[in-house]
Amino acid sequence: MTLTVPTRKPPTSAEGSDAPVFAVEGLWKVFGPKPERVPADPELAALGPAELRAETGCTAAVRDVSFEVRKGEVFVVMGLSGSGKSTLVRCLTRLIEPTAGTIAIDGEDVRAMDRGRLRELRRHRAAMVFQHFGLLPHRTVLDNVAYGLEIQGMGRAERREKAAEVIAKVGLEGFEKRRPGQLSGGQRQRVGLARALAVDPEVLLFDEPFSALDPLIRRDMQDEVARLHSEEGRTMVFITHDLTEALKLGDRIALMRDGRVVQLGTPEEIVNSPADDYVREFVRDVPREQVVTCRTAMRPASLEEAGSGPAVRPEAPVAEAIEAVARAGEPARVMDDGTCMGVVDSDALLNVVAGTGTAAPAEREAEPTLVPAAPEREAV
């Protein structure tokens, strides 16, 4: 498995002053006769998928799911087909009506919204990017991108100007007059992304947007999303069945199975500390050196080590440190704002690659002694 995980800025903490953008608590979506009885009855709620169907004729697509999406983060929901991930993201804006539980956006109860408020939510605050584009075939690229602004009532000249800006942002400048049938799959998906961006939503919701694309085009689109997030810091909820995609894009990942979230954590937490055998099997072939960070792999630095050696960032993947140590032939310093947090040496790097000897991030944080250091000799 080839994986390139971008260095991420930590998202706004849910413990800080900023409230979460989305807050979901005890969410259920049950399909079938009298669905509300399932979450209300502990015995029914405890049944497995097959037993529940046999007993009630119902299918619980989402089962008692709770999470928060922090401002500015990419929150990935991943799982295999039938795990409930696409149903979950559609419940956030009530494209699918939840059976039970609460959903709030910026503290406002989504389930209590009337039609007008719900329309505003979908048009202005949370824009969806779908797998199958949903473009209007008779409209040009420019008019497809401007469509959401037209629905909002923006004047023709203003919306076309705004659409042209967003088209350039997603790399489609020069394609404004083409129609969807004249574009490749990757280009059509860029149009879909531009249309969502044009309305300047607080949150972008992606429902497996790249799964129908060829691998190379898919990778380009992943890079495009990562770039846009880095430049704009927009909050994103991203649905995927692809672990590589989840690890590449996600600040945090909720891994679903049979409607439940079986583990929620950072990519590093999920790879380092799988919650159960199901997650462990999922991440078995992940190249750990591209997910585990230097902060996790480092050890305390001696005074001598703190003054020399190549420098790496605490949140850089261990793969970067491997290159630095191989070039320099000495441990790499883990530097943060001119302070040496610790060092990573060849033994620690080998342990990461082998899957042994790395503590959980929380354990590592307490170990290093901070040593002011001379200016970095080399920045990696």
Side-chain angles (χ1 to χ4, degrees), residues 19-25 27-29 31 61-62 65 67-77 84-137 139 142-155 158-160 162-163 166-167 169-170 180 188-210 225 228-229 232-240 254:
V21 178
F22 270 111
V24 176
E25 183 71 30
L27 187 67
W28 285 80
K29 177 57 188 178
F31 296 96
V62 177
V65 168
F67 61 88
E68 293 181 346
V69 178
R70 302 166 184 167
K71 184 176 177 60
E73 80 170 326
V74 180
F75 186 88
V76 173
V77 182
K85 57 190 184 300
S86 289
T87 301
L88 174 61
V89 75
R90 282 167 164 78
C91 285
L92 295 181
T93 57
R94 286 174 54 197
L95 291 173
I96 292 177
E97 285 289 347
T99 304
T102 62
I103 305 167
I105 181 168
D106 295 327
E108 183 178 358
D109 187 349
V110 173
R111 296 195 68 195
M113 289 180 176
D114 60 21
R115 288 186 178 181
R117 195 71 179 141
L118 202 54
R119 215 165 23 242
E120 182 186 351
L121 169 66
R122 296 168 184 167
R123 289 180 180 177
H124 298 272
R125 301 169 71 182
M128 183 81 79
V129 181
F130 295 99
Q131 175 183 343
H132 296 295
F133 320 129
L135 304 182
L136 301 170
R139 289 190 172 219
L142 184 66
D143 287 334
N144 263 285
V145 174
Y147 182 69
L149 300 173
E150 180 181 347
I151 295 297
Q152 290 181 2
M154 185 178 290
E158 185 181 359
R159 70 176 181 256
R160 287 170 69 89
K162 177 71 178 291
V166 180
I167 286 169
K169 184 179 293 185
V170 301
R188 289 197 297 273
Q189 192 56 277
R190 286 176 187 266
V191 177
L193 176 58
R195 183 178 56 190
L197 286 169
V199 299
D200 196 24
E202 183 179 1
V203 188
L204 279 172
L205 305 174
F206 295 86
D207 187 13
E208 297 205 67
F210 310 143
V225 168
L228 287 170
H229 181 257
E232 298 187 353
R234 197 181 301 271
T235 307
M236 299 180 180
V237 178
F238 198 99
I239 307 301
T240 183

From the list Leu193, Val77, Val76, side-chain contact (heavy atoms from CB on, under 4.5 Å) with Phe206 holds only for Leu193

Nearest-0.5 Å distance that lies between atom NE2 in His124 and atom CD1 in Ile151: 10.5 Å

Closest heavy-atom contact between Pro180 and Leu136? CG-O, 3.6 Å

Any chance you could measure Leu135, atom CG, to Asp143, atom CG, to the nearest 0.5 Å? 12.5 Å

Using a strict threshold of under 4.0 Å (side-chain N to carboxylate O), is an ion pair present between Arg234 and Asp200? yes

Nearest atoms (heavy-atom pairs only) where Thr235 meets Gly72: OG1-N, 2.8 Å

Minimum heavy-atom separation for Val89 and Val237, please, with both atom names. CG2-CG1, 4.3 Å

Would Glu232 and Leu204 count as a side-chain contact (heavy atoms from CB on, under 4.5 Å) here? Give the steps. CA-CA 12 Å; Glu232 298 187 353; Leu204 279 172; over 6 Å; no

State, with a plain yes or no, whether a side-chain heavy atom of Arg94 is found less than 4.5 Å away from one of Arg122. yes

Using only atom types and a distance under 3.5 Å, with no angle test, would you say the side chain of Lys162 pairs donor to acceptor with the backbone of Ala198? yes

Using the side-chain contact (heavy atoms from CB on, under 4.5 Å) rule, take Val21 and Asp106 through it: C-alpha gap first, then chi angles, then the decisive distance, then the call. CA-CA 5 Å; Val21 178; Asp106 295 327; 4.3 Å; yes

In Å, rounded to the nearest 0.5 Å, how long is the span from CG of Asn144 to CZ of Arg188? 11.5 Å

Are Leu92 and Val69 packed together at the side-chain level, in the sense that at least one heavy-atom pair is separated by less than 4.5 angstrom? no

Is the number of heavy atoms from other residues, nucleotides or ligands within 6.0 Å of CD (Gln152) greater than 12? yes

Minimum heavy-atom separation for Ala163 and Val145, please, with both atom names. CB-CG1, 3.7 Å

Residue set satisfying side-chain contact (heavy atoms from CB on, under 4.5 Å) with Met154, at least two apart, ordered chain then number -> Leu149, Glu158, Arg159

Minimal heavy-atom distance between Ala194 and Val170, with the atoms involved, is CB-CG2, 3.9 Å

Here the gap from Arg123 atom CZ to Leu118 atom CG, rounded to the nearest 0.5 Å, amounts to 11.0 Å

Once rounded to the nearest 0.5 Å, what's the spacing between atom CG of Leu121 and atom CD of Glu108? 8.0 Å

Starting at CZ of Arg111, measure out to CG of Leu27 and round the result to the nearest 0.5 Å. 7.5 Å

Considering residues, nucleotides and ligands other than Phe67, do more than 12 of their heavy atoms fall under 6.0 Å from its CZ? yes

Mind running side-chain contact (heavy atoms from CB on, under 4.5 Å) on Gln189 and Val129 for me, showing each step along the way? CA-CA 9 Å; Gln189 192 56 277; Val129 181; 3.5 Å; yes

Is it true that Phe22 and Phe75 have ring centroids separated by less than 6.0 Å? no

Derivation of the side-chain contact (heavy atoms from CB on, under 4.5 Å) call for Glu120 and Met113: CA-CA 10 Å; Glu120 182 186 351; Met113 289 180 176; over 6 Å; no

